[in-house]
Amino acid sequence: MQIICLGDSITDCNHLFEDFPLGNGYVQILSEMFRNQTPSFSISADTVRRSSSAVQLTKSTGAIHFRNCGIDGFTVARVLENIRQHRIFLHRSPVITLLIGINDIGLIMNTDRTDSQKEQMMREFATHYNELLNLLTTDARQVILMEPFIFPHPEEYETWIPYVHTMSDIIRQLSVRFRLPFLPLHNYFNKEATQSGFDAITTDGIHLTLYGHKLLAEKLFPLLQSIDNNP
């Protein structure tokens, strides 16, 4: 089974550097979880940071190939453009995970836009996401959609939360239309941050700590495992 992880910097996690072929975030942790074949293992920072060229993981049901295709700064439009240019890598009917959207919200919030322009940008997000799913579902064995998330820490990101909810509704509706699994994350992460402390989950209100990446991997692992067990 080939698993391709699409997204922005949260997925990227320095994977383009030679020592991190899968990055030092949830994609690498997922590879370790499949290697150990249990969703509740203990992982240390040293394990995650360890250089790993073993992108292919052998198990009793066959070979699992992870590929990190997250790119720092990507919006949904950039992912769509990238897939259009390099669609050839989808020819093996991979399982695809997609975590995208927070940079789109950043463009909405950090640029001098009117309310009508912000609404238009959100409509364009929906259009691009729909076009992306049309491409991915043509070739992929399965596509797992993940909800973007934000933390009100620092407090300036509280103003982003309504846009996260709007975007979440868009993605959820598309998941129903395309009959794809949807993994909710925003409320989950914020509940965990309330209990454990925001600094334990996020480095800056957007990106995840090592522990945050471990939580994301543990949420995603059962979905991937169920696909692998039902070829």
Side-chain angles (χ1 to χ4, degrees), residues 1-74 78-79 82-83 85-100 132-133 135-148 180-183 185 207-231:
M1 181 170 73
Q2 180 180 200
I3 300 174
I4 295 175
C5 301
L6 298 176
D8 49 34
S9 58
I10 298 170
T11 300
D12 184 343
C13 283
N14 300 314
H15 85 278
L16 295 177
F17 291 95
E18 184 177 353
D19 288 343
F20 301 105
L22 294 181
N24 54 9
Y26 73 91
V27 181
Q28 170 64 25
I29 297 174
L30 279 169
S31 75
E32 295 286 346
M33 294 175 80
F34 270 98
R35 185 190 300 277
N36 287 277
Q37 277 301 283
T38 172
S40 58
F41 73 109
S42 176
I43 186 167
S44 67
D46 289 340
T47 301
V48 175
R49 295 192 181 101
R50 187 176 62 240
S51 173
S52 172
S53 59
V55 180
Q56 176 172 314
L57 306 173
T58 302
K59 50 175 292 188
S60 59
T61 56
I64 298 177
H65 305 261
F66 272 87
R67 181 168 180 176
N68 188 335
C69 291
I71 299 180
D72 186 11
F74 260 26
R78 294 289 302 279
V79 175
N82 196 45
I83 292 296
Q85 292 177 355
H86 306 288
R87 190 175 173 183
I88 188 171
F89 74 71
L90 299 177
H91 73 284
R92 295 182 179 178
S93 299
V95 172
I96 295 174
T97 69
L98 178 61
L99 176 55
I100 199 70
L132 178 60
L133 293 185
L135 284 178
L136 297 180
T137 55
T138 298
D139 298 315
R141 174 180 170 184
Q142 181 62 282
V143 182
I144 298 174
L145 309 182
M146 293 188 279
E147 180 185 36
L180 301 174
F182 173 84
L183 184 62
L185 294 172
H207 300 92
L208 297 173
T209 62
L210 176 65
Y211 178 60
H213 278 284
K214 179 177 180 290
L215 292 177
L216 177 52
E218 288 177 342
K219 290 287 284 185
L220 187 53
F221 180 81
L223 288 175
L224 294 172
Q225 190 180 46
S226 66
I227 296 169
D228 185 42
N229 290 334
N230 295 278

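Values reported hereafter were calculated over all heavy atoms of this structure, with side chains retained and with hydrogens, waters and symmetry mates removed.
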**Prompt:** What residues form a salt bridge (charged side-chain N to carboxylate O under 4.0 Å, His left out) with Asp12, not counting sequence neighbours?
**Reply:** none
**Asked** What distance separates Asp72 CG from Thr11 OG1, expressed to the nearest 0.5 Å?
**Response** 11.0 Å
**Request:** Sequence neighbours left out, what passes side chain to side chain contact (heavy atoms under 4.5 Å, CB included) with Ala217? Give chain and number order.
**Result:** Tyr26, Ile29, Leu30, Met33
**Message:** Pair Val27, His15 - check side chain to side chain contact (heavy atoms under 4.5 Å, CB included), show working.
**Reply:** CA-CA 9 Å; Val27 181; His15 85 278; over 6 Å; no
**Asked** When rounded to the nearest 0.5 angstrom, what distance separates CG in Asn68 from OG in Ser31?
**Response** 10.0 Å
**Fill in**
In short, Arg141 meets Ile227 closest at the heavy-atom pair NH2-O, 2.9 Å
**Request:** Look up atom SG in Cys5 and atom CG in Leu22, then write down how far apart they are to the nearest 0.5 Å.
**Result:** 8.5 Å
**Message:** Quick check for you: to the nearest 0.5 Å, what is the distance between Phe221 atom CZ and Lys214 atom NZ?
**Reply:** 12.0 Å
**Message:** As an exercise, state the distance from NZ of Lys219 to CG of Leu216, rounded to the nearest 0.5 Å.
**Reply:** 10.0 Å
**Prompt:** Would Leu6 and Ile83 satisfy side chain to side chain contact (heavy atoms under 4.5 Å, CB included), going step by step from the backbone distance to the final call?
**Reply:** CA-CA 10 Å; Leu6 298 176; Ile83 292 296; 4.1 Å; yes
**Message:** For a side chain to side chain contact (heavy atoms under 4.5 Å, CB included) check, start with the C-alpha distance between Gln142 and Leu180, then their side-chain angles and the critical distance, and finish with the verdict.
**Reply:** CA-CA 7 Å; Gln142 181 62 282; Leu180 301 174; 3.3 Å; yes
**Asked** Are His213 and Ile10 close enough, and set up right, to give a side chain to side chain contact (heavy atoms under 4.5 Å, CB included), and what steps lead you there?
**Response** CA-CA 9 Å; His213 278 284; Ile10 298 170; 4.2 Å; yes
**Complete:** For Ser9, the side-chain hydrogen bond (donor to acceptor under 3.5 Å, both in side chains) test, sequence neighbours excluded, returns His207
**Request:** Output all residues satisfying side-chain hydrogen bond (donor to acceptor under 3.5 Å, both in side chains) with Thr97, sequence neighbours left out; order by chain, then residue number.
**Result:** none
**Asked** About how many Å separate OG1 of Thr137 and CG of Leu132, when rounded to the nearest 0.5 Å?
**Response** 9.0 Å
**Request:** Determine the sole option in Leu136, Ile100, Leu98, Leu99 for which the side-chain contact (heavy atoms from CB on, under 4.5 Å) test with Leu145 is passed.
**Result:** Leu98
**Request:** Could you list the residues that satisfy side-chain hydrogen bond (donor to acceptor under 3.5 Å, both in side chains) with Glu147, not counting sequence neighbours?
**Result:** Ser168
**Prompt:** Listed by chain and number, what are the side chain to side chain contact (heavy atoms under 4.5 Å, CB included) partners of Ile71, not counting sequence neighbours?
**Reply:** Phe74, Asn82
**Asked** What's the shortest heavy-atom distance between Gly73 and Asp8, and which atoms?
**Response** N-CB, 4.5 Å
